[in-house]
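In what follows, residues are counted from 1 in the order of the sequence shown. For the numbers below, each heavy atom of this structure counts, side chains included, while hydrogens, waters and symmetry mates do not. A quick note: this is a predicted structure, and the numbers were derived from the prediction, not measured.
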Amino acid sequence: MSALTQRTCHNCGAVYGPSWGIVGLVVATVTWSFGETVAAPTLFLAYPARAAPSDLRGRYLGAASAMYGLGFIAGPVLAVVGWNLLGPSLWWWSAVAGLMAVPAAWAGARPDAHSDGSRPAVSP
C-alpha cells in the first residue's frame, strides 16, 4: 500500500472514529447509509405529521425541520470544539451520550403518547 493510500485511509477512518482502514470506512458508510435510508422518512416527515393534530401539522413539521437544520449547522462546529477539548475520547463520550438519549427518545416517540386525545396547549 502506498504512503498516499495509507494516509488517505487513516484520514477517512478518523472521520468515522478509530482508524480501521478501508474496510472500516466501507462498513461505517454502509451502516450510516442504511440507517439514514430506514430512519429519515419516518423521523423527518411521518412521525411529526402523525403526532400533530390536523390544525397544527404545519407547525409540527416546521419545528421538526428546524431542529434537524440546527443540528446540521451546530453539529460540525460542536464536533470540532469537542475534538479539540477531548481528542480521540470524543468518540467514547459520544457513544455514552447516544446511549443515554435512547430512553428519552423512546419515551417521547412512543405510539401511545397522546392516545387519550390530550395535547399541549398552543397559543396562536
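Linking ILVMFWY side-chain heavy atoms closer than 4.5 Å, directly or via other members, places Trp93 and Leu85 in a single hydrophobic cluster. Two different hydrophobic clusters hold Leu78 and Trp91 under the rule that ILVMFWY side chains link at heavy-atom gaps under 4.5 Å.
In plain terms, the two heavy atoms of Ala49 and Leu61 that are nearest each other are N-CD2, 3.9 Å.
A distance of 11.0 Å separates OG1 of Thr37 from CH2 of Trp32, quoted to the nearest 0.5 Å. With values rounded to the nearest 0.5 angstrom, Asp55 atom CG is found 9.0 Å from Tyr60 atom OH. Of the inter-residue distances, the one linking Trp92 atom CH2 with Leu90 atom CG reads 12.0 Å to the nearest 0.5 angstrom. Atom OG of Ser65 sits about 12.5 Å away from atom CG of Leu70, to the nearest 0.5 Å.
In this structure, Val80 and Pro76 have side chains that are not in contact, with every pair of non-hydrogen atoms separated by 4.5 Å or more. Side-chain contact between Ile22 and Leu25: present, with at least one pair of heavy atoms (C-beta onward) separated by less than 4.5 Å.
The backbone N or O of Leu86 sits less than 3.5 Å from a side-chain atom of Ser89, completing a donor-acceptor pair.
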